[in-house]
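Written out below as structure tokens is the structure these notes cover.
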Amino acid sequence: MSELKSQQKRDENESKWPVWYEPLHVCAQSGARAGVVHTPHGSFETPTFMPVGTQATVKALSPEEVKELGAGIILSNTYHLWMRPGEDIVREAGKLHRFMNWDRSILTDSGGFQVFSLSDSRHIKEEGVHFKSHLDGSRHLLTPELSIKIQHALGADIIMAFDECSPYPADRAYIKASLERTTRWLERCVATHEAAPEAAEQALFGIVQGGMYADLRRQSLEQVLSHDLPGYAIGGLSVGEPAETLYAMLEAVTPLMPSDKPRYLMGVGTPDYLIEGTIRGIDMFDCVLPTRIGRNGTVMTSQGRLIVRDQRFARDFNPIDPNCDCYTCRNYSRAYVRHLIKAGEIFGLRLTSLHNTYFLVNLMKQVRQAIFEDRLLDFRDEFFAAYGYVK
RNA sequence: GGGAGAAUACCCAAGUGGCCAAAGGGGGCAGACUGUAAAUCUGUUGUCAGUGACUUCGGUGGUUCGAAUCCGCUUUCUCCCA
């Protein structure tokens with residue numbers, strides 16, 4: 001695409017969508033993209049890592065802290081806020097941004113992941129998914145229409161289509177049927193969304209499924225792309241498959257995705273996946289990993305993962321990561337963090353959550369810089385060597 | 001001074017003849033965690049070799065084919081009465 005044509009496309013997207021992608025640079029060495037995603041609540045630089053705040057809070061962190069560590073966009077969750085406190089309350093509060101005091105971008109997941117993670121207490125049907133509430137066992141039906149309506153009430157800048165995040169392993173017939181149902185659900189999501197006034201300020205992203213079958217991934221992509229949407233996501237990965245499989249699935253679809261729209265790899269959060277995903281053309285990632293493993297006593301460092309709760313750190317008065325300049329590493333030692341975690345002190349969870357989230361957000365900043373310098377493959381190799389990944 | 005009761009592994013605590021190296025908690029140690037039912041979950045926790053052996057239930061001496069469990073003595077602790 002010529003410079004002029006891509007500029008035209010950009011202008012077109014800007015006027016057409018509440019959320020649009022501004023490409024800035026493609027890494028000559030890796031083909032990875034750096035850009036900016038513009039939303040009604042500010043812009044965020046890509047590639048980026050999005051911390052997850054399922055229940056309208058990034059667990060253990062205040063919005064100010066999440067902001068300070070550099071996150072430009074966070075996630076929240078349709079299913080959980082629907083169950084509690086109820087989307088009507090969030091709407092009444094002035095929608096999510098006001099409710100949780102976060103003035104940057106927000107993305108809400110549709111509840112599609114809960115179709116996967118709450119598999120013991122739900123039934124999938126064509127109309128939607130019947131859930132038994134994990135809170136009180138009450139029965140509920142989440143449909144594509146309802147998911148979109150709830151997400152309208154929540155008011156995130158980016159909302160997700162209601163999909164089935166299919167399990168792994170799963171046979172081809174199941175995956176094919178599942179992805180086709182997800183496609184039909186997408187049509188219903190789009191119809192509901194486009195008919196609503198909220199479409200002016202919220203952008204609906206479609207989700208590519210297809211399990212671990214490259215041709216089914218392509219089929220799903222084709223169906224999703226038949227809707228002109230402001231962004232596209234890849235779902236149903238990082239569900240237990242080998243890394244090579246995940247990479248292969250990305251390679252099956254990202255080259256066919258439009259270059260003027262953001263691409264979001266859902267639920268992916270280890271450093272290797274972030275880097276390899278970016279190399280394969282992904283712009284956005286989210287994951288509970290940094291906050292969850294943080295709360296459970298594990299930290300990520302430039303030299304690899306550490307279970308900082310382990311005894312070997314009892315007298316280690318160095319920072320968690322000597323190369324990190326987050327609040328935790330600037331002020332506290334491994335020994336202190338370990339002590340807090342062992343003692344069950346809340347502050348310990350806060351320090352590890354803060355560090356881990358900073359680590360991934362900051363990693364993506366470095367990745368972005370490497371893209372601009374056309375040296376992302378070199379950066380990857382350097383990072384992996386220090387982190388302890390064997391390539 | 002008299003009487004009653006209790007002592008079990010790092011801690012608390014089950015167990016009152018064999019199925020007991022000994023339940024269950026806690027603590028310790030280790031691991032897992034990927035669009036969050038997760039400040040959670042799993043494994044392990046006498047010793048040594050690892051399908052077995054050895055040493056353990058305050059100490060000691062007995063009874064018995066067999067004892068953490070029954071008996072004698074003893075030590076310590078708690079409570080009650082003087």
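Proteins get letters first, then strands, A, B, ... in listed order; numbering begins at 1 in each.
Side-chain contact check for S147(A) and Q151(A): at least one donor-acceptor pair (N or O, by modelled atom type) lies under 3.5 Å. E164(A) and T182(A) form no side-chain donor-acceptor contact under 3.5 Å, judged by distance and modelled atom types alone. Side-chain atoms of Q219(A) and D215(A) form no donor-acceptor pair, as typed in the model, at a separation below 3.5 Å.
Comparing atom distances between the S238(A) side chain and each of A37(B), U34(B), G31(B) picks out U34(B) as nearest. When each of G35(B), C33(B), G28(B) is scored by its nearest atom to the side-chain atoms of N296(A), the top-ranked nucleotide is C33(B). Nearest nucleotide to the side chain of H80(A), out of U36(B), A30(B), C33(B): U36(B). Side chain of I293(A), nearest nucleotide from C33(B), G35(B), A37(B): C33(B).
For A7(B), the paired base is U75(B) (Watson-Crick or G-U wobble, both distances below 3.5 Å).
Using a 4.0 Å cut-off between charged side-chain N and carboxylate O, K365(A) and E45(A) make no salt bridge.
Note on K132(A): nothing from the nucleic acid sits closer than 4.0 angstrom, heavy atoms only. Within 4.0 Å (heavy atoms only), Q209(A) reaches at least one base atom of the nucleic acid.
Side-chain N/O atoms of R305(A) include one lying less than 4.0 angstrom from OP1 or OP2 on C33(B). Proximity of T54(A) to the phosphate of U36(B): a side-chain N or O atom is located under 4.0 Å from OP1 or OP2. For G35(B), the OP1/OP2 oxygens have no side-chain nitrogen or oxygen of N77(A) closer than 4.0 Å. Taking side-chain N and O atoms only, K59(A) has no distance below 4.0 Å to OP1 or OP2 of U40(B). Residue S353(A) places none of its side-chain N or O atoms closer than 4.0 Å to OP1 or OP2 of A39(B). OP1 or OP2 of C29(B) sits under 4.0 Å from a side-chain N or O of R338(A).
Checking R295(A) against Q311(A), the closest nucleotide of RNA chain B that is more toward the 5' end is the one next to Q311(A). Between G344(A) and Q114(A), it is Q114(A) whose nearest contact on RNA chain B lies nearer the 5' terminus.
Checked against the 6.0 Å centroid criterion, the rings of Y332(A) and Y327(A) qualify as a close aromatic pair.
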